[in-house]
Amino acid sequence: MAQRPYVIDMMISAKQIAARVEELSQDIQDEFSDTEKLVVVGLLRGSFVFIADVVRELDLPVEVDFLEASSYGDGTESSREVRILKDLRGEIAGRDVLVVEDIVDTGFTLKHVVGLLKARSPRKLKTIALLDKPSRREVDISADWTGFEIPDEFVVGYGIDFAQRDRNLPHIGKVRFLDEG
Ligand code: IMP
Ligand code: MG
């Protein structure tokens with residue numbers, strides 16, 4: 001399928017993101033100050049930049065693990081069916097866990113992943129999402145911490161892709177298609 005032509009308009013600068021990551025990391029550190037070791041779980045692939053920035057702000061013993069769930073194909077609409085493409089390497093029973101997500105959109109992905117991981121009996125499980133699109137929510141879930149609430153726009157950058165492109169942008173931008181008004 002040919003790529004529709006688009007441009008990317010600035011939405012959240014790298015500087016704004018860095019300032020917010022610092023605030024959020026302080027909250028996470030306060031919440032988990034008594035942890036033996038925090039398992040920080042990044043949801044691949046969109047959270048890879050965010051998780052890298054968050055863990056470097058945490059003055060706590062941490063372990064990093066990844067889980068890949070897929071609800072989007074290569075388009076801009078959720079398929080509403082969540083598949084686990086890659087599970088965690090480690091056990092989380094009795095442990096402190098922080099799930100790091102890029103965007104909560106319809107909510108299907110985060111709800112599915114939280115259900116899956118809670119069934120493994122962690123001691124404490126919290127969630128953080130860089131972005132939240134509350135107007136798009138279809139299931140009742142929200143992250144414990146959110147970086148920025150955004151309107152119903154398709155965004156890219158800072159790890160987030162459009163059909164695997166634009167993950168390497170240092171800021172968050174919104175996709176504007178040139179073939180619509
Ligand atoms: P949900 O299951 O509908 O909440 O979708 C969550 C996932 O869809 C996120 O982890 C993203 O990977 C992807 N997603 C949602 N909105 C966007 C967007 O604006 N740009 C790129 N990916 C998105
Ligand atoms: Mg994702």
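Order of listing sets the numbers, starting from 1, for every ligand and every atom in it.
Shown here for Ile92 and Leu117, the closest heavy-atom pair between the two residues is CD1-O, 3.6 Å. Residues Ala69 and Ile84 come closest through the heavy atom pair CB-CD1, 4.1 Å.
Per-residue contacts place Ile160 under 4.0 angstrom from the following atoms of ligand 1 (heavy atoms of the residue considered): 20 (N), 21 (C), 22 (N). Below 4.0 Å from some heavy atom of Phe108 lie the following atoms of ligand 1, by number and element: 2 (O), 4 (O). Under a 4.0 Å criterion applied to the non-hydrogen atoms of Gly107, ligand 1 contributes the atoms 1 (P), 3 (O), 4 (O). Applying the 4.0 Å criterion to heavy atoms of Asp161 picks out, from ligand 1, the atoms 21 (C). Close approach to Thr109 involves these atoms of ligand 1, each under 4.0 Å from a residue heavy atom: 1 (P), 2 (O), 5 (O), 6 (C). For ligand 1, the atoms lying closer than 4.0 Å to a non-hydrogen atom of Glu101 are 9 (C), 10 (O). Within ligand 1, the atoms closer than 4.0 Å to a non-hydrogen atom of Glu153 are 19 (O), numbered from 1 in the order shown.
At a heavy-atom distance under 4.0 Å, no atom of Glu138 approaches ligand 1. At a heavy-atom cutoff of 4.0 Å, ligand 1 is contacted by no atom of Leu110, backbone or side chain. At a heavy-atom distance under 4.0 Å, atoms from both the backbone and the side chain of Val155 approach ligand 1. Contact annotation: for Ile103 versus ligand 1, heavy atoms closer than 4.0 Å belong to both the backbone and the side chain. When heavy-atom distances to ligand 1 are checked against a 4.0 Å cut-off, Arg136 has no atom that comes that close, whether in backbone or side chain.
Met10 and Val175 are members of different hydrophobic clusters when ILVMFWY side chains are connected at heavy-atom separations under 4.5 Å.
Taking a 4.0 Å cut-off on heavy atoms, Val82 fails to register as neighbouring ligand 1. Note on ligand 1: His112 sits outside its first shell, no heavy atom being nearer than 4.0 Å. Not a single heavy atom of Gly46 sits less than 4.0 Å from an atom of ligand 1.
In this structure, Lys86 forms no cation-pi arrangement with Phe66, as its terminal cationic atom is not both closer than 6.0 Å to the ring centre and no more than 45° off the ring axis.
Under the 4.5 Å side-chain criterion, counting only non-hydrogen atoms from C-beta, Phe148 is not in contact with Met11. Between Arg45 and Gln164, the closest side-chain pair of non-hydrogen atoms falls below 4.5 Å.
A side chain to side chain donor-acceptor pair (under 3.5 Å) with Asp96 is found for one member of Lys37, Lys126, Arg123 and no other, namely Arg123. Between Val41 and the options Leu125, Val113, Leu88, a side chain to side chain contact (heavy atoms under 4.5 Å, CB included) holds for only Leu88.
The option from Asp102, Ile172, Asp152 that lies nearest to atom 12 (O) of ligand 1, judged by heavy atoms, is Asp102. If you check each of Lys174, Lys133, Arg137 against atom 19 (O) of ligand 1, the one with the closest non-hydrogen atom is Lys133.
Within a 6.0 Å sphere centred on CG of Asp59, heavy atoms belonging to other residues, nucleotides or ligands number 12 at most.
In this view, Tyr6 and Phe162 satisfy the ring pair (Phe, Tyr, Trp, His ring centres under 6.0 Å) rule, not counting sequence neighbours. Applying the side-chain hydrogen bond (donor to acceptor under 3.5 Å, both in side chains) criterion to Asp87, with sequence neighbours excluded, gives Arg120.
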